[in-house]
Amino acid sequence: MLEFERDLDELREHIAELERDAGADPNSQVARELAVLQLELETRTADIFAHLTPWQRVQLARHAQRPHTQDYLDRLCSDFTELHGDRRFADDPSVIAGLATFEGRSVIVVGHQKGRSTAENVERNFGMAHPEGFRKALRLFDMAERFGRPVLTFLDTPGASPTLDDEKRGQSWAIAENMARLARLRVPVIVTVIGEGGSGGALALGVGDRVLMLEHAIYSVASPEAAAAIIWRSSDHAEEAAAALGLTAPDLLRAGLIDRVVPEPEGGAHRDFDSAAANLRAELARMLEELCAQNVDDLINARYAKFRAMGEHQQAPAV
Amino acid sequence: MLEFERDLDELREHIAELERDAGADPNSQVARELAVLQLELETRTADIFAHLTPWQRVQLARHAQRPHTQDYLDRLCSDFTELHGDRRFADDPSVIAGLATFEGRSVIVVGHQKGRSTAENVERNFGMAHPEGFRKALRLFDMAERFGRPVLTFLDTPGASPTLDDEKRGQSWAIAENMARLARLRVPVIVTVIGEGGSGGALALGVGDRVLMLEHAIYSVASPEAAAAIIWRSSDHAEEAAAALGLTAPDLLRAGLIDRVVPEPEGGAHRDFDSAAANLRAELARMLEELCAQNVDDLINARYAKFRAMGEHQQAPAV
Amino acid sequence: MAVRRRGGVQSYPDVPVDLWVTCRKCGGMHYRPEFEAALRVCPSCNYHDRLDAAERIALLLDDPGEFREIDADVTAADPLGFRRPSGSYVDRVAKARALTSRNEAIVCGIGPLHGRPVALGVMEFGFIAGSMGSATGEKITRLFEHALRHGLPVITVTASGGARQDEGLFALMQMARTTAAAARLGEAGLPHICVMADPTLAGVTASFAAVADIIVGEPGATIRFAGSRVVQGTLRRRAPVEDHTAEWVLRQGMLDLVVPRRELRETLGRVIGHLAPAEAAAPARVTAKAARV
Amino acid sequence: MAVRRRGGVQSYPDVPVDLWVTCRKCGGMHYRPEFEAALRVCPSCNYHDRLDAAERIALLLDDPGEFREIDADVTAADPLGFRRPSGSYVDRVAKARALTSRNEAIVCGIGPLHGRPVALGVMEFGFIAGSMGSATGEKITRLFEHALRHGLPVITVTASGGARQDEGLFALMQMARTTAAAARLGEAGLPHICVMADPTLAGVTASFAAVADIIVGEPGATIRFAGSRVVQGTLRRRAPVEDHTAEWVLRQGMLDLVVPRRELRETLGRVIGHLAPAEAAAPARVTAKAARV
Ligand SMILES: [Zn+2]
Ligand SMILES: [Zn+2]
């Protein structure tokens, strides 16, 4: 439960209590009181969510109850066959990948996977992929191209796993190879940031023809804590960093770094997985249709041009 | 020093002794004796090497002083730049690989590398490649295709490393992927078995347009010891296994499984690295010239047909 | 030797059998009719016992009666005139033929899976431990080539001790030959799914099987590169029981899935539905389930 | 700011310097003229000290006077209006420009190596720790595109703290952008050689640098993904000194070579000779040595 959600939740509990007492009579005192409270809940929710600070969005994006990749796959795909392993070193549970049917089409799906319980989070390394997780993804990207299947990726990670063992197995190399492969993959690729889009670990699954973000997802060059540690020399300044980094979906849409913000249900995706998934389905279906109709050479040329254009520089006389 | 080499070597020492005493007079008693002994040495060497048993060839192929991949590279290539690592897990010193100039042409060279001293053999795992050794080779094969450079491989291994750690990192997968890649590589590939061609660990570098064998090299489905352990339930029968397996270069040329036997200098390649390398150079140069002139599609179709034809079966009525 | 025949699928003649079977893995005793009804899956340890080729084909296809075997007449030659102390290779092959009613250690053919024709190669472990000799390699290569010509997906089911020593380097070269054929299929965008059953070892693991697009392990199957005799000679240690099982190999990242036998046909049908070119399906016979995929 | 200029290569103005330098790695004190004569390689620990872009270009090319810089006028914008407690991003950039006499953290251009024109991009660590912002990424991307248009091999020399935080996600996207440009060069069969100098970190290691065809480490260079601050926060342990050096990374299998500075030009020339298409060489200017390669 997030701080700014707490009084909304108290209100919700109060409403639920009254509902139990209200009985059938729509004109009772309790029923009238209920109507007022419900209006208040809606208004206050709308008000809070209309003025979310970047830091509040960071908290929403990391919400323990927020839907993760598997939750979306369950709702978007009529069948999902998870495939395991990088055929090199290990199977990394912090990335899930496989074959699925989306809107009648066979697709390859790949996403970071956070856990919900502590045990599952340990198992899934809190969604921080190891090199072998990225290499499992790479294997599936290759498979997608070989069999001409579009790719849907789902980004939800604090960042790539940064331990000494990850360095030993070439974390930087794994990330870079995935970007290079995705940049030239001869099938459509649609990227969705569903929660935390953390740094290079996110971008390793993030190069595609379209990049979508859920309304309260974030996407950042570094986690606010890491950026604060670098810039303010202390992670206590994470909230300031979040504000400075321009990491929210609306910010990034304005910056031209993403293509679309997918609206979340009132109160955030964690309050209603089904409508979050339904909103995403609508966008993905439309875009996939459009991309699958394109000539492959045009597709990868456009993809190149898209990332080619990301950046702002200016001219200056040589110093 | 091999057993059957010992009396030849005694003779050689005796000759060397007399030579020191002989002086300049070609008609002296000592000089006449020397001439007789030299003839005897030649005759006995020729006799032994004309009737080498398979087991003796196994011993020659494994001779501690036999030239290894690096020795041939030093003599065949005017410059060799070793490249390291599989970009996944480790650099494996039991496989060496790199860029080189052979007969005025840039080539990619890859070979198993045994050590000569005990320390070097431990470092190089006695020429038994780990999965990462094969994956380093795979990376170089990819590089060869990307830049249109022919590949020369040198086989000299008791077999792929069989430890639990090798299993963990997918030894079977590494070997199979290399064969698949080599089978379809769009540049010429020439394979030379220079010493021990041991099982799948050899074949992982062994799929090419031409397969050469040094005269006293061996190439076998399993080491004689392993085959004996499987067939006779004891590796003491290695000598019998060696005879039964048909693993010598002349056997395999007759069987049509290799293309050419490269003659070794008198007494074996270890007695004269330079002429062993010169003989190999002549064959490689001629074949490479021929292969480089071919259309790439023809080349890989012919390579497919070559391995497609390896095997003997018969027809029988369905049982 | 009298055998029942059903559309190319062969079964062993009925012979009296014990009413109890002992699990090869845990030693548990099971009442045979129940064990068979459970598709030979041990209720105690989940070990998936070996199936012969006919049983496997019956398990995998929509209707085993529609299986058309190909290359049934290909059998081993004896390129080295090989003799073991226990007898000649020719005799071993003759015994294996009599035992299994097969000419080689693999049965290949075409049959329907989820209404789609697939090229199916199933190894027969009873034939010289499913070892791969020239004729085995010839049949596997022809299977991939047949699939390539007709645009079919390939399913292989492996159960093998590895390369057949009795054929020397001819046997080793089957690794290169079958792998090359599999690689050529892959270039044409046709999928190859391999099911690694118990045991899948050495020269078969390390060739066409390992380069499959999707690799499925059967629960409890031993899957490894180096035979235990080789390793114990080298390492002087015994591997723990859980090492080299399909579940362990999955964790090492080498398999895509470990699938219970009861779900195998459904899983393979679904996976092929995703990967095979749409035009390869015979639309008239596509089932409702497959159509959705 | 007055700078010496030689064919596009810039050097810092002469300023009085100490006669002794302290090795950044081992703390050893060295007499500056000798240290400089040894190409800034520490005689005690073999650490290869940082070079600025001009020094690096002089080290690598046949004749630095022939270096033609491109895109020297590209400089950072401030897409987020970013302020640190210590000041605005605009000020940081201005200071970096004044300090280095460069407009960005990389110097790009064309020059001869072993008589062959190569596209060369050398990072300037003195410019905001060689961090990669939009303008840096723009220059790197243009370098790969220039090489692609003209059929040139590319050499990059990295020395960078990673992505430039002050540009937020714009900085992160430079990883994708430069890597895509490098991948496109590779498709055309043109080689990219990357020299990872001290330090090569995070967003630069994990992008165009790591996908180079050949990766050369400089002795003693720190090469890693996660900055120590990130890791110590996560792991609460300090990495041993030898971890993350080029030599260590080579053993992990991620580098092709670690090459002493004195041999670097020769090695790069030789490698490019092997990989670059023959027609890209300017034959009239090929040296005897290069012609042999
Ligand atoms: Zn059991
Ligand atoms: Zn020092």
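Proteins come first, then strands; the chains are lettered A, B, ... in the order of their sequence lines, and each starts at number 1.
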(message) Taking the side chain as everything from C-beta on, heavy atoms only, tell me whether A/R308 gets closer than 4.5 Å to D/E138.
(response) yes
(message) If you compare all heavy atoms of D/A210 against all heavy atoms of A/W173, which two are closest, and at what distance to 0.1 Å?
(response) O-CD1, 3.5 Å
(message) For A/V221 versus D/L169, what's the shortest heavy-atom pair and its separation?
(response) N-CD1, 4.0 Å
(request) Examine whether an atom of D/E187 lies under 4.5 Å from a heavy atom of chain A, and if so say whether it belongs to the side chain, the backbone or both; otherwise answer neither. (result) side chain
(request) Could you tell me which portion of A/L247 (side chain, backbone, both or neither) has an atom closer than 4.5 angstrom to a non-hydrogen atom of chain D? (result) neither
(message) Quick check on D/Q165 against chain A: is it the side chain, the backbone, both or neither that has a heavy atom closer than 4.5 Å?
(response) both
(message) Can you tell me which portion of D/R184 sits under 4.5 Å from chain A's heavy atoms? Options are side chain, backbone, both or neither.
(response) both
(request) Indicate the atoms forming the closest heavy-atom contact of A/Q315 with D/R142, along with that distance. (result) OE1-NH2, 4.4 Å
(request) With the side chain counted from C-beta on, respond yes when A/I231 and D/P85 share a heavy-atom pair under 4.5 Å apart, and no when they do not. (result) yes
(request) Select, from D/S86, D/A209, D/A176, D/A135, the one with the greatest count of heavy-atom pairs under 4.5 Å involving chain A. (result) D/A176
(message) Need one label for A/S235: side chain, backbone, both or neither, based on atoms under 4.5 Å from any heavy atom in chain D.
(response) neither
(message) Which atoms of D/A76 are under 4.5 Å from chain A, going by heavy atoms: the side chain, the backbone, both sets, or neither?
(response) backbone
(message) Donor-acceptor pair, distance only, cut-off 3.5 Å: does the side chain of A/E312 make one with the backbone of D/S134?
(response) no
(message) Tell me the closest heavy-atom pair linking D/M175 and A/I175, and the distance in Å.
(response) CE-CG2, 4.3 Å
(message) Is A/A160 close to chain D through its backbone or its side chain, or both, or neither, when contacts mean heavy atoms under 4.5 Å?
(response) both
(request) Identify the two heavy atoms, one from A/A180 and one from D/V211, that lie closest to each other, and give their separation to 0.1 Å. (result) CB-CG1, 4.0 Å
